[in-house]
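Here is the structure we will look at, set down as structure tokens.
Along the sequence shown, residues carry numbers from 1.
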Amino acid sequence: MKSFKNFLLIIPVLSLLVCCIFCPVTTQAAGLYSKYSVLIDADSGRILSGSNETTAVSMASTTKIMTLIIALENCDKNFVATTSAYAASMPDVQLNAVTGEQFIINDLYYSLMLESHNDSAVIIAENTAYYLLCKNPSLRSETPFINNYNYDSSFLSEINHEQSEILVHIFTGLMNEKADDILLSDTYYITPNGLDAEDNYSFHHTTAYDLAKTMAYCINNQDFLYITQTVSKTFSDTTGRYHYQLNNKNRLLNPDEGIISGKTGFTNKAGYCYVCAYKDKDRTLCIALLACGWPPNKNYKWSDARYLIALGKQYSRQKYFNNEYTFYVPVSKGKNSFCELIPDCSIEFLVCEDDSVTIQADIPEVLSAPVNSSQIYGAINIYVNNEPIRSISLKAKQSIPKKVHVLDIINKIFQ
């Protein structure tokens with residue numbers, strides 16, 4: 001491709017092409033209680049408002065949204081899960097499962113998310129790890145203490161704490177792999193329940209921005225949404241002897257008014273934490289609040305979340321660029337003297353009245369025939385406050401063959 005020209009297109013010139021993108025607001029100035037907070041456009045991951053949103057801190061039980069999505073993606077929902085002694089030893093908040101007690105693992109997902117039971121998180125982690133070991137012999141090098149891989153989890157009632165921790169480590173390894181897959185920049189999982197922990201590598205942590213991005217990923221799973229939207233749930237162990245009643249602790253949950261999912265959390269180190277998702281016809285927003293007060297201020301997180309949701313509602317979704325926008329580039333030695341370059345897609349993002357955007361169209365000075373309609377010949381780059389947001393490829397609207405001259409035909413005959 002020839003050298004590119006850079007065309008800087010500013011809002012007044014291309015008002016029909018581009019509206020603006022909101023410049024992030026510092027939430028501390030807005031008077032939020034949370035030390036670390038963020039509001040993002042869930043579809044693009046773009047920060048609409050944030051305060052210390054990339055600082056790594058403890059996350060408490062908001063961890064469990066990742067625990068749930070990993071289990072949903074890796075374990076049969078009807079798998080019979082067995083409680084180990086290690087799981088039964090977890091501190092409050094507990095389901096109070098006893099060693100050897102068995103459950104359908106799908107029921108434990110409600111225990112995990114509605115009541116935030118720490119023992120259920122470990123039961124889920126150990127049993128999901130075992131389920132994967134049954135499916136994948138290549139993963140078994142760390143678990144010589146397991147004698148059978150026939151999907152019978154009852155042996156978990158007899159393993160010791162160290163062996164349980166190996167299974168939990170396999171599970172949290174999946175959590176960390178997922179963090180990499182969805183491009184979380186500073187998140188590290190040690191426990192499946194969010195209890196504070198450290199190892200030789202780091203401490204159990206995330207950032208407000210990573211946590212919001214995790215929620216944005218999770219809400220694409222319909223089972224995740226169904227579980228987290230459940231207001232109350234009653235279930236039994238597999239014997240039917242013991243019954244458990246659960247109630248959702250997400251006070252803002254109201255799908256009819258837009259709050260479609262959420263998870264609370266608290267430890268002495270993390271303070272009160274909350275992550276949630278809001279959705280209506282125009283926008284999908286995710287909010288994360290970390291260190292949002294300590295006892296007795298457990299209600300700070302609700303007021304902060306309401307504030308950020310109201311802020312997010314100031315944005316509307318707009319669509320930009322389609323094949324109506326054309327850039328003409330000269331063609332050398334082609335049957336046509338000009339080629340039309342068009343965007344290969346449109347994009348949508350949230351905008352509000354105070355936004356500011358610049359557009360840079362990178363196109364070649366000239367194209368040499370032949371020109372192929374499936375090839376990329378340029379790009380439209382979108383910047384917000386000099387930060388790159390998105391790049392859209394420019395392709396030829398139609399192929400242009402090379403122009404054939406008489407001398408070329410004669411030369412070909414006598415070759």
Where I40 and K213 come nearest, the two heavy atoms and their spacing: CD1-N, 3.9 Å
Derivation and outcome, side-chain hydrogen bond (donor to acceptor under 3.5 Å, both in side chains), residues K279 and T284: CA-CA 4 Å; K279 184 178 180 63; T284 305; 3.1 Å; yes
Whether over 12 other heavy atoms sit under 6.0 Å from K269 NZ: yes
Polar side chain donor-acceptor pair, H204 to T63, under 3.5 angstrom: yes
For L32 against S37, the heavy-atom pair lying closest together: CD1-OG, 4.1 Å
Nearest heavy-atom neighbours spanning I65 and C218: O-SG, 3.6 Å
Y300 and Y33 aromatic ring geometry - parallel, tilted or perpendicular at 30°/60° bounds: parallel
Minimal non-hydrogen separation, L350 against D282, with atom names: CD2-O, 3.7 Å
Interatomic spacing from CG in L246 to OG in S116 - rounded to 0.5 Å: 11.5 Å
Expected output: side-chain S157 to main-chain S154 donor-acceptor under 3.5 Å: yes
Heavy-atom donor-acceptor pair, S236 side chain to H243 backbone, under 3.5 Å: no
Exceeds 12 heavy-atom contacts within 6.0 angstrom, atom NE2 of H161: yes
Residue list, side chain to side chain donor-acceptor pair (under 3.5 Å) with Y274, at least two apart or on another chain: N250
Verdict with reasoning, K233 to L114, per side chain to side chain contact (heavy atoms under 4.5 Å, CB included): CA-CA 9 Å; K233 172 80 172 179; L114 274 61; 4.1 Å; yes
Within-4.5 Å side-chain heavy-atom neighbours: Q375 and K395: no
Side-chain donor or acceptor of Y209 paired with backbone N/O of G45 under 3.5 Å: yes
Close side-chain approach of I69 to N221, heavy-atom, < 4.5 Å: yes
Qualifying residues under side chain to side chain donor-acceptor pair (under 3.5 Å), relative to Q163, sequence neighbours excluded: none
Close side-chain approach of T214 and L184, heavy atoms under 4.5 Å: yes
ring-ring contact (aromatic ring centres under 6.0 Å, His included) partner of Y131, chosen from F79, F171, Y149: F79
E101 versus T83, side-chain donor and acceptor atoms under 3.5 Å: no
Donor-acceptor contact below 3.5 Å, side chain E340 vs main chain Q398: no
Side-chain heavy-atom pair I380, L394 within 4.5 angstrom cut-off: yes
Side chain H205, main chain V57, donor-acceptor under 3.5 Å: no
OH (Y226) with more than 12 external heavy atoms under 6.0 Å: no
Y244 side chain near H117 side chain, heavy-atom distance below 4.5 Å: no
Nearest-0.5 Å distance that lies between atom CG in L167 and atom CG in L156: 6.5 Å
Aromatic centroids of Y130 and F155 separated by under 6.0 Å: yes
Aromatic ring pairing Y272/F266, orientation class (parallel under 30°, perpendicular over 60°, tilted between): tilted
Electrostatic pair K313-D280, nearest N-O below 4.0 angstrom: no
Atom of T187, atom of T207 and distance for their closest heavy-atom approach: OG1-N, 4.3 Å
Value rounded to 0.5 Å, distance of SG in C276 from CD1 in I287: 4.5 Å
Chi angles and distances behind the side chain to side chain contact (heavy atoms under 4.5 Å, CB included) call for L132, I170: CA-CA 9 Å; L132 283 175; I170 292 171; 5.6 Å; no
E142 side chain to I166 backbone, donor-acceptor under 3.5 Å: no
Over 12 non-hydrogen atoms of neighbours within 6.0 angstrom of OH in Y188: yes
Straight-line distance of I400 CD1 to N372 CG, nearest 0.5 Å: 11.0 Å
Flag if over 12 foreign heavy atoms under 6.0 Å of CD, E162: no
Reported CZ-to-OG1 distance for the pair F103 and T82, which is rounded to 0.5 angstrom: 9.5 Å
Heavy-atom side-chain contact between F203 and D196 under 4.5 Å: no
Any donor-acceptor N/O pair, T172 side chain to M175 backbone, under 3.5 Å: no
Heavy-atom donor-acceptor pair, D119 side chain to L95 backbone, under 3.5 Å: yes
Within 45° cone and under 6.0 Å: R283 NZ/CZ vs Y278 ring: no
Matching residue for L195 among V122, N118, I190 - test: side chain to side chain contact (heavy atoms under 4.5 Å, CB included): N118
Check: M59 and C273 side chains under 4.5 Å, non-hydrogen atoms: no
Under 3.5 Å donor-acceptor, W302 side chain and L252 backbone: no
Sequence neighbours excluded, every pair satisfying salt bridge (charged side-chain N to carboxylate O under 4.0 Å, His left out) that has a member inside residues 60-87: E73-K178
Donor-acceptor side-chain pairing of N381 and S391 below 3.5 angstrom: yes
Chi angles and distances behind the side chain to side chain contact (heavy atoms under 4.5 Å, CB included) call for I47, E53: CA-CA 9 Å; I47 297 172; E53 69 275 7; 3.8 Å; yes
Which atom of D237 lies closest to which atom of Q102, heavy atoms considered: CB-O, 3.2 Å
N/O donor-acceptor pair under 3.5 Å between Q94 side chain and A88 backbone: yes
Heavy-atom check, side chain of T67 versus side chain of L112, under 4.5 Å: yes
Spacing of CG belonging to L108 relative to CD1 belonging to I123, to within rounding of 0.5 Å: 5.5 Å
